[in-house]
Amino acid sequence: MALLGKKFKLLEVFDQATNGQYQLLPSRFAALDDGRYLLSNEVGEYLVVTRPDLESFIRKQVPANTDFYHDLKSKHFLFDDDSNVALDLLALKYRTKAQRISQFTALHIFVISLRCDYTCQYCQVSRQTDDKHAFDMSEETANKALDLVFKSPSPAIKIEFQGGEPLLNFALIQYVVNEANRRNEKHQKDLQFVITTNLSLLNQEVLEFCQAHDIHLSTSLDGPENLHNTNRPRPGKNGYQLTVNGIKKAQSFLGHNKIGALMTTTEKSLPHVKSIIDTYLENNLDCIFLRPLSPYGFAIKNQQAHKYDVDRWFEFYKEGLDYVLEINRQGYQFVELYTQLIINKLLSPFSEGYVDLQSPTGAAISAIVYNYDGDVYASDEARMLAEMGNKKFRLGNVHTDDYEGIWLSDTLLDTLECSLSESIPMCNDCGFLPYCGTDPVYHYATQGDVVGHKALSGFCNKNMKIFKHIIHLLEDDPEARKILLTWVRT
Ligand code: SF4
């Protein structure tokens, strides 16, 4: 057979040339269940293999004329005499996955005010009551923070306003948006804004400002009225009503895709995952993030974070994901966001910017936090820890430190150095490493050590369970696989 004047070699030539001659490329494996293993490589490509197949691969005994050999070769688990560009291609894929590191900090979180009109039991920011103006960010602090924002080399910048309740200091949000836009005339970044708000103060003035400046809103919705109001108490007991009214107003005035919601799982949420998801559907939201409680702030002071363990939360997540898949089977596309994140890590060549699932950690190099008083923290969790009195991850202050002083501080560099999964005991030979992260703040908060002992780590336990479950769905449930593939971002 000839193609453009060249002849293919006979099949036997390939078989003879490579049989037993291949070289192994870096890979790791992890047990999935009694009979199967996940085999993954540095760029996150994977195969699910039996133990005999895994052994024959490692012993270099896979015959060259088998599908298994071709799978191993095409996914960069081995190379042979015919793999002219295999290493270059692998390096290119690795660079693509690691590209986010060169782009540096894209998300800049401004804690506009610690004041809040809610008194949530699990609040992770240890909010102040709503009359303490001492806990508002000033224009001077915001200007200093903006100086740092525009030093970031990232071509895309997202400024997110958080609290407390940031709309209690709406005048400062207006100031920052106008000032950032003014400065961006020179920098020409892809500039976006998000306000994370409980929506109780959403009025026409706020909506018009959001519309004029293309600002997205993010809110909290914990489920049906009873559950939401129990988890998120507000004087007047009308938190749920204010939230769903706000969601409707924002959807109709700004557009359906301009508002999203997040939920937090308390002990009381655990039996109600289906009705929580139904609440999202009733409010025309097309995704949900089934989030466990973080061990920071009021969640620790009120013992909320210790009321359920990872195993119980995982049952909640699994039941929720089953229900989400059922909804998709009925023809309505509805996404569970953490699952989508993992699916993308498994199946897409690009990296995800999720701070907790990166090596090194995304703290400060993907997202950074400017507190109301000008203190700069490596992540939102680091700021929550500081509100509990522990400032271990404070990187400096916008009034006293410059860009280099903050991003090259020993605190940050030490944290980054300790957060390379590739050098962490247990992670370094774990097959799930390409999809996982390290979360040094979580490990410091729970184990007093930034690296942490992974065999005792709730972070490791949770993620390992999720990885296995999602891979099982992809491998063993063709209908679920079909749906999950539609969640891959391109
Ligand atoms: S944290 Fe656990 S699941 Fe993640 S890479 Fe480390 S050992 Fe593997």
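FYI, the numbering just counts along the sequence from 1. In each ligand, atom 1 is the first atom listed, and ligand 1 is the first ligand listed.
Classification of Asp402 and Lys151 as a salt-bridged pair fails, no side-chain N sitting under 4.0 Å from a carboxylate O. Note on Arg383 versus Asp380: salt bridge recorded, some NZ/NE/NH1/NH2 to OD/OE distance being below 4.0 Å. A salt bridge does not link Arg232 with Asp222: every distance from a Lys NZ or Arg NE/NH1/NH2 to an Asp or Glu carboxylate oxygen is 4.0 Å or more. Comment: Asp476 engages Arg36 in a salt bridge, judged by a side-chain N to carboxylate O separation of less than 4.0 angstrom. For Asp375 and Lys391, the salt-bridge test passes: some basic side-chain N is under 4.0 Å from an acidic carboxylate O.
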Check against side-chain contact (heavy atoms from CB on, under 4.5 Å), Tyr46 and Leu346 | CA-CA 8 Å; Tyr46 74 89; Leu346 283 161; 3.8 Å; yes
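Inspection of the environment of atom 8 (Fe) of ligand 1 yields the following protein N, O or S atoms under 2.8 Å: Cys430 SG.
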